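Right, one structure below, let's go through it.
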Number of protein chains: 2
Amino acid sequence: MNYVVIAVNKTQRNFILKQAQAKCQSLGLRLTEKRQGVLEILLQTVEPLSAYELTDKYNKSTNSPILAMSVYRILEFLESVNLAHRIHSANKYIACKSLDGACHHHLSVILVCKSCHQIEEIDSVQEAAKHLFKAVESTGFSAANARLELPGLCNLCKAKLDK
Amino acid sequence: MNYVVIAVNKTQRNFILKQAQAKCQSLGLRLTEKRQGVLEILLQTVEPLSAYELTDKYNKSTNSPILAMSVYRILEFLESVNLAHRIHSANKYIACKSLDGACHHHLSVILVCKSCHQIEEIDSVQEAAKHLFKAVESTGFSAANARLELPGLCNLCKAKLDK
DNA sequence: CAACTATTGATACAATATAACATATCAAGC
DNA sequence: GCTTGATATGTTATATTGTATCAATAGTTG
């Protein structure tokens with residue numbers, strides 16, 4: 001069972017957006033128009049986007065443009081409520097596409113393909129991740145609420161390289 | 001048992017440098033003077049350094065200065081032979097301070113303290129890391145030779161915050 | 001409405017990283 | 001030794017990513 005998907009369709013997008021709205025409200029925060037707009041673009045996009053790419057996409061899809069500066073601020077906000085993730089190894093950003101309320105985020109695992117640069121956030125290794133976190137915490141380090149970026153080769157690229 | 005240390009003394013540094021020399025030689029590669037110089041500075045420094053900080057330190061300690069461009073290239077080289085690691089979440093670099101031949105690098109774990117920004121590369125969670133990697137690989141993704149950056153709070157900072 | 005806070009706009013700039021081409025150094029074969 | 005090819009470094013320019021700062025606007029609360 002894997003509730004995290006790569007490409008979300010329109011229905012899923014709207015569902016996530018509604019959940020996002022609810023989440024912000026329950027935290028006493030505002031998912032403003034611009035913030036929602038940024039999140040929507042991230043949700044519509046399969047590959048991770050840099051802040052500037054995101055800005056461009058945003059401005060091509062609207063007549064009230066936004067500045068890169070604001071996008072950075074909005075990304076920070078979205079990250080703080082776990083609606084978006086920053087991929088440090090690529091300096092890019094993705095929407096969290098979990099459909100089940102984003103409850104696993106304290107130890108989510110993100111696979112980063114070195115060849116095609118696609119990102120996949122997987123839930124199916126929760127158990128193993130939990131063990132690793134426990135092992136780490138037994139050293140005295142608090143690794144709570146961490147995201148794990150795992151570089152490697154995805155299925156498709158491996159197949160291509162095998163040819 | 002933990003063979004990875006944070007601060008290495010002069011004896012350890014020389015030992016690591018010798019191992020590094022041997023390693024490069026065995027790979028048919030050259031650990032040139034500049035490359036060794038960069039590695040030495042990384043080894044002498046506890047905190048991770050940015051490429052530019054590294055350049056400055058290098059140039060303060062020599063009369064044949066180096067350019068940031070070269071430092072980037074050298075870091076790339078050192079990384080390719082696992083003598084240095086890039087900390088993506090900080091855009092900084094550290095020397096690998098493993099004293100036992102750097103054999104664990106296909107799944108090393110690096111702890112990054114969000115408060116003091118200290119880095120610790122730990123070997124003591126090998127088993128748990130191995131399991132996680134296996135779980136990931138069972139999804140079809142090849143995560144071999146990956147480094148895991150784990151953000152969190154280190155022992156010392158946790159103690160401080162408890163006060 | 002007034003005062004306050006949160007959000008966004010706008011400009012400037014810092015920090016990080018890479019591209020492109022030139023030059024130097026080293027090792028191997030002649 | 002000399003040439004040649006490969007590797008390494010120098011040099012300059014520029015791209016990319018991210019932050020600081022202050023002004024303006026929108027939303028909220030009394």
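Just so it is clear: chains get the letters A, B, ... in the order the sequence lines come, proteins before strands, and each one is counted from 1. As the structure is a computational prediction, the values presented were derived from the model and not from experiment. Basis for what follows: all heavy atoms, side chains included, without hydrogens, waters or symmetry-related copies.
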In this structure, how many angstroms lie between the [atom2] atom of [N] and the [atom1] atom of [X], rounded?
| X | N | atom1 | atom2 | answer |
| --- | --- | --- | --- | --- |
| B/Glu79 | C/dT18 | CD | P | 11 Å |
| A/Tyr72 | D/dT17 | OH | C1' | 4 Å |
| A/Leu67 | D/dG18 | CG | C1' | 14 Å |
| B/Phe77 | D/dA6 | CZ | C1' | 15 Å |
| A/Lys92 | C/dA17 | NZ | C1' | 14 Å |
| A/Asp56 | D/dA15 | CG | C1' | 14 Å |
| B/His88 | C/dT16 | NE2 | P | 14 Å |
| B/Glu76 | C/dA19 | CD | C1' | 13 Å |

Using a cut-off of 4.0 Å on non-hydrogen atoms, how would the nucleic acid contact of [X] be classed: base, sugar-phosphate, or nothing?
| X | value |
| --- | --- |
| B/Arg35 | sugar-phosphate |
| B/Tyr52 | base |
| B/Leu29 | nothing |

Does a nitrogen or oxygen in the side chain of [X] sit under 4.0 Å from OP1 or OP2 of [N]?
| X | N | answer |
| --- | --- | --- |
| A/Lys34 | C/dG9 | yes |
| B/Tyr93 | C/dA17 | yes |
| B/Asn91 | C/dA15 | no |

Quick check: does any side chain N or O of [X] sit under 3.5 Å from a backbone N or O of [Y], one acting as donor and the other as acceptor?
| X | Y | result |
| --- | --- | --- |
| B/Glu121 | B/Leu111 | no |
| A/Asn91 | A/Ser50 | no |
| A/His131 | A/Glu127 | yes |
| A/Thr45 | A/Ile41 | yes |

* Does a distance-only test, which skips hydrogens and angles, find a donor-acceptor pair under 3.5 Å between the side chain of A/Arg73 and the base of D/dG18? ->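 No, no donor-acceptor pair under 3.5 Å.
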Per [X] side chain, nearest of listed nucleotides [options]:
| X | options | answer |
| --- | --- | --- |
| A/Arg86 | C/dT16, D/dG18, C/dA17 | D/dG18 |
| B/Arg30 | C/dT11, D/dT7, C/dA20 | D/dT7 |
| B/Ile74 | D/dT9, C/dA20, D/dT17 | D/dT9 |
| B/Thr32 | C/dA17, D/dT21, D/dA8 | D/dA8 |

* If you find the nucleotide of DNA chain D closest to A/Glu53 and the one closest to A/Met69, which residue's nucleotide is nearer the 5' end? ->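 Upstream on the strand: A/Glu53.
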* To do: Decide if atom CD of B/Gln44 counts as having more than 12 heavy atoms of other residues, nucleotides or ligands within a radius under 6.0 Å.
  =>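 More than 12 within 6.0 Å, yes.
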